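Okay, so here's the structure we're looking at.
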Amino acid sequence: QVQLVESGGGSVQTGGSLRLSCAASGRTFSDSAMGWFRQAPGKEREFVAGIGRNGYMRLHADSVKGRFTISRDNAKNTVYLQMTNLRPEDTAVYYCAASKLRIPTSQFSDFASWGQGTQVTVSS
């Protein structure tokens, strides 16, 4: 099983940028697709972005397409989420997750391991 630790969250103003990182431990990192999800207060956890094991296949939710980019560095066992042009509706706890699959998906049930989350707050 993969252990995941997120970092890079914080508070920014509308239009600002942040880069989230997710450090993974465990020898299966490069075999797994990875994903980012988020959960705002009072709302269900939602898919943000996913990336295949080799980094070539990527998925982004429509709400973040063109603003967020997922990437990974298998040599560093790390997955990233670059967030630009942030909006107040992006405010949430962001979670990194390791998939049971090798290709990216948006289904919550496809993910086996989760980090503790990092808070992102965007003020207007």
Side-chain angles (χ1 to χ4, degrees):
Q1 193 160 350
V2 178
Q3 285 75 49
L4 304 169
V5 178
E6 303 96 335
S7 62
S11 297
V12 296
Q13 293 188 327
T14 296
S17 299
L18 285 172
R19 188 175 82 154
L20 305 183
S21 298
C22 173
S25 61
R27 58 183 179 87
T28 61
F29 175 79
S30 61
D31 289 337
S32 300
M34 298 293 295
W36 286 96
F37 287 73
R38 67 186 181 185
Q39 189 166 18
K43 294 189 177 181
E44 293 187 351
R45 196 170 296 191
E46 65 173 359
F47 172 78
V48 176
I51 188 166
R53 62 186 290 261
N54 291 324
Y56 298 123
M57 296 180 65
R58 306 183 194 195
L59 293 175
H60 294 87
D62 288 344
S63 58
V64 306
K65 216 169 272 186
R67 300 187 300 121
F68 292 11
T69 303
I70 189 171
S71 62
R72 67 189 296 163
D73 185 338
N74 285 348
K76 296 182 178 180
N77 275 16
T78 302
V79 62
Y80 305 97
L81 186 67
Q82 179 67 50
M83 306 186 295
T84 63
N85 193 19
L86 282 159
R87 305 166 180 168
E89 54 264 39
D90 295 318
T91 294
V93 177
Y94 284 71
Y95 297 90
C96 173
S99 176
K100 307 171 196 174
L101 309 176
R102 296 185 173 188
I103 58 173
T105 67
S106 61
Q107 299 302 309
F108 186 91
S109 58
D110 288 336
F111 291 83
S113 301
W114 295 83
Q116 294 300 306
T118 185
Q119 176 71 46
V120 171
T121 303
V122 185
S123 58
S124 57

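Since we're looking at a predicted model, the values are computed, not measured. Heavy-atom basis, side chains included; hydrogens, waters and symmetry copies ignored.
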Just to verify, what does F68 make a ring pair (Phe, Tyr, Trp, His ring centres under 6.0 Å) with, not counting sequence neighbours? none
All heavy atoms of I70 vs all of G35, minimum pair found to be CD1-CA, 4.4 Å
Y95 with L86, same ILVMFWY side-chain cluster at under 4.5 Å: no
What's the separation between atom CG in L18 and atom CE in M83, rounded to the nearest 0.5 Å? 4.5 Å
Tell me the side chain to side chain donor-acceptor pair (under 3.5 Å) pairs involving residues 4-21, sequence neighbours left out? none
Tell me, which pairs form a side chain to side chain donor-acceptor pair (under 3.5 Å) where one or both residues lie in residues 114-123, sequence neighbours left out? Q119-T121
Which residue pairs pass the salt bridge (Lys or Arg N to Asp or Glu O under 4.0 Å) test with at least one member in residues 77-93, sequence neighbours excluded? R38-D90, R67-D90
Which residue in the set C96, S71, S32 passes side-chain contact (heavy atoms from CB on, under 4.5 Å) when paired with V79? C96
Would you say L20 and V12 are hydrophobically clustered, going by side-chain heavy atoms of ILVMFWY under 4.5 Å? yes
If only atom types and distance count, is the side chain of N74 paired as donor or acceptor with the main-chain N or O of R53 below 3.5 Å? yes
Minimal heavy-atom distance between A92 and A40, with the atoms involved, is CB-N, 3.8 Å
Pairs satisfying side chain to side chain donor-acceptor pair (under 3.5 Å), at least one member in residues 75-84, at least two apart: none
Indicate the atoms forming the closest heavy-atom contact of K100 with A112, along with that distance. CG-CB, 3.7 Å
For V48 and V64, work out which heavy atoms get closest and say how close. O-CG2, 3.6 Å
Is there a donor-acceptor pair under 3.5 Å between the side chain of N54 and the backbone N or O of Y56? no
Evaluate F37 against F47 for ring-ring contact (aromatic ring centres under 6.0 Å, His included), listing each step before the verdict. CA-CA 4 Å; F37 287 73; F47 172 78; 5.6 Å; yes
Flag side-chain contact, heavy atom, 4.5 Å: C22 against W36: yes
Under 3.5 Å, which donor-acceptor pairs link side chains of residues 103-111 to any protein atom two or more places apart or in another chain?
unit_1	atom_1	unit_2	atom_2	d
T105	OG1	D110	OD2	2.8

